[in-house]
Amino acid sequence: MVKRIGLFVFFWCLSLTPIFSQEIIYNLEELFPDTISISLSADSNVVSEETENNLIQLSHQYEYVPEYEPEIVKERLTQIENEIPLTYNPVVNSFINYFTVTDRAYTKKVAKLQTKYFPMIERYLEKYDLPDELKYLAIVESGLNPKAKSPAGAVGLWQFMPLTGRLDYGLSENWYLDEKMDMEKATDAACRYLTFLYKYFYNDWQLALAAYNTGPGNVRKAIRRSGYKKNFWEIYPYLYRETRSYVPQFIAIMYSMNYLEEHNIFIEQYEYMPDYETVSVSGFLNLSLFAEHSGICLETLNDLNPELKRGVISDHHKMYPLRIPSNQKDFVVENLNEIMRFAGQGKEHFERLARNEVGSTYGRQKLNYKVKPGDVLGKIAQTYNVRIADLQQWNNLRGTMIRVGQPLNIWIADDFYDNVNKQLASISQNNVANRSVALKSGEYRVQNGDTLWDISRKFDGLSVEKLKKINNLEGNGIKPGQILKIRENS
């Protein structure tokens with residue numbers, strides 16, 4: 001009976017706006033006419049569950065999207081403004097419309113993640129005495145996804161580039177883990193970077209945000225081209241297109257997250273991160289086996305440790321601080337040795353994968369190489385005992401074209417130089433042997449592949465011209481087996 005009344009009220013409400021209601025009823029009849037006729041018949045006592053679900057689905061398709069006058073939106077921005085100026089203008093308004101009207105699904109998706117990541121971010125913002133509203137920047141950067149990767153190579157909640165993360169903020173990366181994905185280490189690094197940018201750009205947060213996106217150099221260039229204006233909106237035309245939209249997006253996201261309900265956006269279920277602590281793990285650890293033998297949900301472990309790209313901890317990381325739920329720490333600490341006995345299995349399998357995967361840097365050291373005249377990718381790969389596919393992966397090359405002077409990253413095996421030294425030693429021994437034979441006879445038998453240049457380099461004080469003179473050679477032609485004098489009067 002209650003469902004019948006609810007359905008009656010639903011259609012009565014639609015009747016208040018005849019044109020809109022006709023459109024919906026038409027769609028209802030088109031999608032499931034038999035169900036509608038049965039549900040609304042005089043003999044019907046209940047609405048079927050299938051009909052109820054279909055009605056709910058259609059109600060979401062035709063959800064009410066409020067629209068507000070610019071004055072109202074502007075006033076709302078002043079209500080939530082704190083340290084960072086929340087400018088209102090047509091550019092900002094267009095982004096507010098995007099998040100509250102055009103792409104409401106994305107807004108709902110990131111809104112439900114606030115409760116999962118904001119408490120952690122707020123702790124670090126407080127630690128560095130930064131404005132609390134900077135937490136919304138993580139939405140602009142990554143959509144609150146700690147494993148987000150951009151086409152340009154930026155990674156994590158705060159989208160650090162590899163070089164900036166590693167050199168400036170100590171975020172290491174290898175085959176097993178990427179600390180740019182570590183939610184706490186990356187947040188700490190972002191706070192330090194934002195502190196630097198704020199002080200560098202005249203204590204102006206909008207300029208600091210622009211620099212976070214495009215880099216300090218590009219903001220300085222825009223300031224110079226604007227006639228040394230020091231306001232984001234005054235240098236706006238001189239910034240790259242992506243950066244011009246960055247600060248308006250930040251303002252729009254902050255507005256949208258604070259006025260969800262006013263725009264008829266309701267989150268049915270928020271996501272939460274459990275309270276967590278760390279336990280120190282020494283040695284190889286397979287996360288799925290650890291989950292199985294500790295009783296901790298694997299999904300929870302992955303959420304707490306997103307930096308572990310392969311779901312394992314390498315034994316090269318001594319005393320690794322693994323995050324686990326606080327309510328299970330006592331059990332894990334008490335039984336850690338037994339758990340590790342099982343969770344430490346599979347090391348050989350992962351090491352084999354690490355060594356053989358295309359583009360892997362596991363067990364390798366980086367070499368900076370500059371392309372020389374005559375170089376081709378295959379020759380370079382052969383010289384350094386790597387694959388062409390590795391070189392392409394390390395240097396983001398789509399084909400095999402390279403140019404003279406182009407820098408290449410080559411990750412050579414740890415024993416590469418040992419093998420080179422052995423080869424050099426072998427060559428040196430051969431030279432000594434050649435030299436000793438030559439000293440006895442004063443002659444040299446030409447070997448396959450020898451040139452006059454090669455032979456002259458094997459003996460001290462011997463040049464090509466001298467070889468030709470003492471052997472009465474007019475040209476450079478020699479053949480295998482030919483006996484050459486290597487000193488006069490021999």
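For the single chain, residues carry numbers from 1 onward in sequence order.
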Original post:
With a 4.0 Å cut-off, would you call E122 and K135 a salt bridge?
Top reply: yes

Original post:
Do N286 and Q345 get their side chains close enough for a donor-acceptor pair, meaning under 3.5 Å?
Top reply: no

Original post:
Do M120 and L157 pass the side chain to side chain contact (heavy atoms under 4.5 Å, CB included) test, and can you show the C-alpha distance, the side-chain angles, and the key distance before you say yes or no?
Top reply: CA-CA 12 Å; M120 179 272 299; L157 270 180; 4.2 Å; yes

**OP:** Measure across P373 and V404 and return the closest heavy-atom pair with its distance rounded to 0.1 Å.
**Re:** CA-CG2, 3.9 Å

Original post:
More than 12 heavy atoms of other residues, nucleotides or ligands under 6.0 Å from NZ of K149: is that the case?
Top reply: no

Original post:
Nearest heavy-atom pair of Y128 and C191: which atoms, and what distance?
Top reply: CD1-CB, 3.5 Å

**OP:** Examine distances only and state if a side-chain atom of N395 and a backbone atom of L408 form a donor-acceptor pair shorter than 3.5 Å.
**Re:** no

Original post:
So do the side chains of L287 and V312 get within less than 4.5 Å of each other, counting heavy atoms only?
Top reply: no

**OP:** Compute the centroid of each ring, for Y136 and then for F250, and state whether the two points are separated by less than 6.0 Å.
**Re:** no

Original post:
If you measure only the distance, is there a donor-acceptor pair under 3.5 Å linking the side chains of Y228 and E234?
Top reply: no

Subject >> For the student: nearest non-hydrogen atoms of A189 and L171, plus distance >> reply: CB-CD1, 4.0 Å

Original post:
What's the shortest heavy-atom distance between S280 and L336, and which atoms?
Top reply: O-CD2, 3.8 Å

Original post:
Is the shortest distance from a Lys or Arg side-chain nitrogen in E63 or R104 to a carboxylate oxygen in the other one below 4.0 Å?
Top reply: yes

**OP:** Determine the sole option in R323, K147, K185, K180 for which the salt bridge (Lys or Arg N to Asp or Glu O under 4.0 Å) test with E307 is passed.
**Re:** R323

**OP:** Look only at the side chain of D103 and the backbone of F99, and say whether a donor-acceptor pair between them is shorter than 3.5 Å.
**Re:** no

**OP:** Would you please indicate yes or no on a ring centroid separation below 6.0 angstrom for Y255 and H263?
**Re:** yes

Original post:
Between W394 and G359, is there a donor-acceptor pair closer than 3.5 Å when you use the side chain of the first and the backbone of the second?
Top reply: yes

Original post:
Just wondering, are more than 12 heavy atoms of other shown residues or ligands nearer than 6.0 Å to CG in D129?
Top reply: no

Original post:
Just checking, is any N or O donor in the side chain of Y88 or N93 under 3.5 Å from an acceptor N or O on the other one?
Top reply: yes

**OP:** Considering only NZ, NE, NH1 and NH2 on the basic side and carboxylate oxygens on the acidic side, decide whether D454 and K458 come within less than 4.0 Å.
**Re:** no

**OP:** Compare every heavy atom of P325 with every heavy atom of I296, then report the nearest pair and how far apart it is.
**Re:** CG2-CD, 3.8 Å

**OP:** Compute both the distance and the angle, then confirm whether R76 meets the cation-pi test with Y68: under 6.0 Å from the six-membered ring centre, within 45 degrees of the axis.
**Re:** yes

Original post:
Does the ring center of Y384 lie less than 6.0 Å from the ring center of Y369?
Top reply: yes

Subject >> Carboxylate-amine/guanidinium proximity below 4.0 Å for E71 and K74 >> reply: no

Subject >> For the student: nearest non-hydrogen atoms of P131 and E83, plus distance >> reply: CG-OE1, 3.6 Å

